[in-house]
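All remarks here apply to the structure that follows.
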Amino acid sequence: MSDKFDVIVIGAGPAGYVAAIRAAQLGLKTACVDAFAGKDGKQALGGTCLNVGCIPSKALLDSSRQYWNIAHNFPVHGISVEGAKVDMAAFIGRKDKIVKQFTGGIGQLFKANKVTPFFGTGKLLKGNQVEITAADGSKQTISATNVILASGSVPIELPFAKFDGKHIVDNAGALDFTEVPKRLGVIGAGVIGLELGSVWKRMGAEVTILEALPDFLAVADADVAKIAKKEFEKQGLAIKLGAKLTKAEVRKNEVALTYEDKDGAHELVVDKLLVAVGRRAYTTGLLADDTGVKLDERGRIVVDEHCHTGVDGVWAIGDAVRGPMLAHKGSEEGVAVAEWIAGKAGHVNFDTIPWVIYTEPEIAWAGKTEKQLKDEGVPYKVGTFPFAAIGRAVAMNEAVGQVKMLAHAETDRILGVHMVGPGVSELIAECVVAMEFKGSSEDLARIVHAHPTLSEAVHEAALSVDKRAIHKGN
Ligand code: FAD
Ligand code: NAD
């Protein structure tokens with residue numbers, strides 16, 4: 001096998017493996033270098049997302065939801081279950097099996113598309129050469145006309161609460177507890193804190209989340225954040241805002257936390273501490289000194305709007321570059337870069353990237369928040385519709401939350417949609433399509449939606465923009 005490729009991708013997360021497959025589909029001779037090892041020590045393609053992120057977290061969210069429903073939802077349906085028990089080995093084992101299925105699946109896709117995988121750490125050298133160091137220290141060098149950097153991200157560590165993998169953990173640790181912690185502390189009420197905090201709350205842990213900012217879920221629309229917080233607190237998640245951790249001391253089998261809020265200093269003792277205060281681009285050992293690839297002040301690889309680094313034939317995508325740290329954002333950049341390399345017209349619309357938080361209720365949005373529109377001085381109209389008036393949601397006993405649609409006051413073009421409620425992770429797709437096609441609220445209002453479905457909340461919210469919702473007062 002020749003060691004000269006058309007494309008070498010460093011990193012096989014959702015950005016890198018998708019870029020590699022698309023490049024190979026376009027007839028380019030492609031290699032993908034990745035260092036991630038699974039629990040068996042073998043190469044596990046798929047990056048953070050498949051190994052310790054999107055997929056395993058959703059597996060545990062689903063299992064924990066089944067368990068929670070037995071006590072909290074079944075009785076409403078007239079069903080009682082006595083003596084429900086959890087087999088932790090099976091609970092974690094199911095998640096591991098799903099991870100293995102999907103990481104193995106990438107290997108199959110590579111084979112089918114003739115992408116050559118390399119297992120080791122890749123370093124970009126000058127002249128588009130990549131040095132690969134295997135776990136045993138052995139090295140080889142391959143080269144390509146184009147190199148795509150997709151090295152992803154890692155959790156941010158707090159200097160006074162360093163990860164020890166046992167008491168103070170990151171996302172990977174919190175996906176692998178061997179028993180349900182009696183008391184779980186979570187630092188950061190962001191996406192990971194809320195999703196993994198929900199998993200362990202549902203399994204019976206006492207969960208306290210400390211969030212440094214005074215506002216809850218400041219990235220989301222304020223109405224959505226307000227409704228979600230109320231629901232999470234009803235479920236028993238203790239959320240403390242404006243709470244800054246100052247010390248975390250591991251003692252025997254517990255962690256003593258000191259945090260400060262507007263009322264002064266407080267102590268909290270927990271059995272496990274999950275630190276989820278954001279992630280940072282990972283570029284350790286990725287770049288030789290003389291490559292010319294630049295990093296910004298946050299350590300992200302600097303790229304232009306075409307994901308090009310400015311160095312001939314060197315591109316970068318995914319969590320390692322600017323933009324939201326979302327799997328689908330990285331994948332679409334991967335497709336676009338492969339297409340640009342092949343001389344085609346790639347495209348990623350950053351204005352319609354959907355966000356989803358897989359809590360209960362789910363949270364989803366796309367486009368601008370009401371605050372952003374106000375700050376930008378854009379005239380807008382608002383339509384809302386509550387799931388409490390949606391027959392399907394009531395039948396499911398999940399009639400919580402609402403859909404809120406923001407449309408331009410003059411053109412009626414949809415500028416943002418913000419949802420909290422049942423199944424909104426799927427409902428947002430309809431709005432993304434409408435926004436991508438520059439649709440108006442009237443477009444959605446005039447489309448027939450099946451009855452009874454949750455999608456009627458989108459339909460009614462669109463009608464409500466023009467004050468003509470049918471199943472609520474306007
Ligand atoms: P990564 O997935 O981080 O992959 C990078 C890969 O490159 C890794 O395998 C790494 O080992 C490898 N690598 C790095 N440097 C080198 C090197 N020098 N040589 C060789 N290999 C290297 N996003 C969503 O959209 N939806 C979700 O539901 C979701 N859930 C999440 C849940 C959790 C708990 C976490 C932590 C994240 C979640 N995310 C989710 C975010 C998502 O995982 C990331 O946005 C996504 O994985 C980024 O993809 P990437 O390919 O850029 O990087
Ligand atoms: P995040 O940015 O979502 O949330 C971090 C939170 O921690 C913020 O609210 C921040 O104010 C708070 N914080 C920061 N420093 C703090 C401190 N010292 N004390 C207390 N609070 C502090 O980050 P995350 O939850 O770690 O997740 C990282 C990224 O991974 C997300 O931003 C997202 O891009 C991605 N992710 C996505 C999904 C999804 O799409 N469903 C799920 C998980 C993760």
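One-based numbering, in listed order, for ligands and for the atoms of each.
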> For ligand 1, is any non-hydrogen atom under 4.0 Å from S151's backbone (N, CA, C, O), its side chain (CB onward), both, or neither?
Replying inline: both
>> Does this structure show an ion pair linking E211 with K240, if we count only N-O contacts that are shorter than 4.0 Å?
In response: no
> Can D221 and T369 be said to form a side chain to side chain donor-acceptor pair (under 3.5 Å), step by step?
Replying inline: CA-CA 5 Å; D221 190 82; T369 63; 4.9 Å; no
> To which protein heavy atom is atom 25 (O) of ligand 1 closest, and what is the distance rounded to 0.1 Å?
Replying inline: A327 N, 2.9 Å
> Are any side-chain N or O atoms of N51 and backbone N or O atoms of G38, one a donor and one an acceptor, separated by less than 3.5 Å?
Replying inline: no
>> Need the ligand 2 atom indices (1-based, order shown) with element for anything under 4.0 Å from a heavy-atom of V356.
In response: 39 (C), 40 (O), 41 (N)
>> Show the atoms of ligand 2 that are less than 4.0 angstrom away from any heavy atom in Y358.
In response: 41 (N)
> Among G278, P354, G190, P214, whose heavy atom sits nearest atom 23 (O) of ligand 2?
Replying inline: G278
>> Less than 4.0 angstrom from a charged side-chain N to a carboxylate O is my criterion; do K368 and D351 meet it?
In response: no
> Is it the side chain (CB and beyond), the backbone, both or neither of Y282 that lies under 4.0 Å from ligand 1, heavy atoms counted?
Replying inline: side chain
>> Checking a contact table here: which protein heavy atom is nearest atom 35 (C) of ligand 1, and how many Å away?
In response: G53 CA, 3.6 Å
> Between H308 and W315, what is the ring plane arrangement, given parallel below 30°, perpendicular above 60°, and tilted in between?
Replying inline: perpendicular
> Should L210 and K244 count as side-chain neighbours, where that means a heavy-atom distance under 4.5 Å?
Replying inline: no
> For ligand 2, which atoms have a heavy atom of M325 less than 4.0 angstrom away?
Replying inline: 33 (C), 34 (O), 35 (C)
> Taking distance alone, with no angle check, do I187 and ligand 2 share an N/O pair under 3.5 Å?
Replying inline: no
> Between P324 and ligand 2, is there a nitrogen or oxygen pair with a distance under 3.5 Å?
Replying inline: no
>> Taking D296 first and then R322, would you say they form a salt bridge - that is, a charged N and a carboxylate O separated by under 4.0 Å?
In response: no
> Under a 4.0 Å heavy-atom limit, does R279 contact ligand 1 with its side chain, its backbone, both, or neither?
Replying inline: side chain
>> Please work out, at 4.0 Å between heavy atoms, whether the side chain, the backbone, both, or neither of L326 comes within that distance of ligand 1.
In response: both
>> Geometry only, no angles: is L326 polar-contacting ligand 2 at N/O separations under 3.5 Å?
In response: no
>> I want to confirm something. Looking only at heavy atoms, which of G46, G122, P155 is nearest to atom 19 (N) of ligand 1?
In response: G122
> Is R65 salt-bridged to E398, going by a charged N under 4.0 Å from an acidic O?
Replying inline: yes
> Should E231 and K234 count as an ion pair when the cut-off is N to O under 4.0 Å?
Replying inline: yes
>> Please determine whether side chain to side chain contact (heavy atoms under 4.5 Å, CB included) holds for the pair L184 and D271, giving the CA-CA distance in whole Å, both sets of side-chain angles, and the decisive distance to 0.1 Å.
In response: CA-CA 6 Å; L184 172 67; D271 302 298; over 6 Å; no
> L213 heavy atoms, cut-off 4.0 Å: which ligand 2 atoms fall inside?
Replying inline: 11 (O)
>> Please compare K58, R279, R280 and report which has the shortest non-hydrogen distance to atom 28 (C) of ligand 2.
In response: R279
>> Heavy atoms only: which of S153, A320, G120 lies closest to atom 20 (C) of ligand 1?
In response: G120
> When you measure from atom 16 (C) of ligand 1 to each heavy atom in I317, I10, T103, which option holds the nearest one?
Replying inline: I10
> Counting only heavy atoms, which portion of K58 has something under 4.0 Å from ligand 1: side chain, backbone, both, or neither?
Replying inline: side chain
> Counting from 1, what ligand 2 atoms have a heavy atom of G188 closer than 4.0 Å?
Replying inline: 6 (C), 7 (O), 12 (C), 21 (N)
> Tell me, which protein residue and heavy-atom name are nearest atom 5 (C) of ligand 2, and how many Å apart are they?
Replying inline: A276 O, 3.5 Å
> Which class fits the ring pair W355 and W365: parallel under 30°, tilted 30 to 60°, perpendicular over 60°?
Replying inline: parallel
> Are V52 and ligand 1 in contact, using a heavy-atom cut-off of under 4.0 Å?
Replying inline: yes
> Should Y358 be listed as contacting ligand 1, given a heavy-atom distance under 4.0 Å as the test?
Replying inline: yes
> What protein heavy atom sits nearest atom 2 (O) of ligand 1, and how far away is it?
Replying inline: T48 N, 2.9 Å
>> Among D34, D319, D170, which one puts a heavy atom closest to atom 52 (O) of ligand 1?
In response: D319
>> Is the contact between T121 and ligand 1 made by the side chain, the backbone, both, or neither, using heavy atoms and a 4.0 Å cut-off?
In response: both
> atom 51 (O) of ligand 1: which protein heavy atom is closest, and how many Å away?
Replying inline: A15 N, 3.0 Å
> Which of these, G13, P14, G330, has its nearest heavy atom closest to atom 49 (O) of ligand 1?
Replying inline: P14
> Evaluating non-hydrogen atoms only, which member of C54, G11, A35 is closest to atom 31 (C) of ligand 1?
Replying inline: C54
>> Any atom of ligand 2 sitting under 4.0 Å from a heavy atom of E195?
In response: yes
> Taking the minimum heavy-atom distance to atom 37 (C) of ligand 2, which of L274, D215, V191 ranks first?
Replying inline: V191
>> Both conditions, 6.0 Å and 45 degrees, for the charged tip of K29 above the ring of F5: are they met here?
In response: yes
> Salt bridge or not for K39 and D96, using N-O below 4.0 Å?
Replying inline: yes
> For ligand 2, which atoms, with element, lie under 4.0 Å from some heavy atom of L210?
Replying inline: 20 (C), 21 (N)
> Is there a heavy atom in G285 that sits closer than 4.0 Å to ligand 1?
Replying inline: no
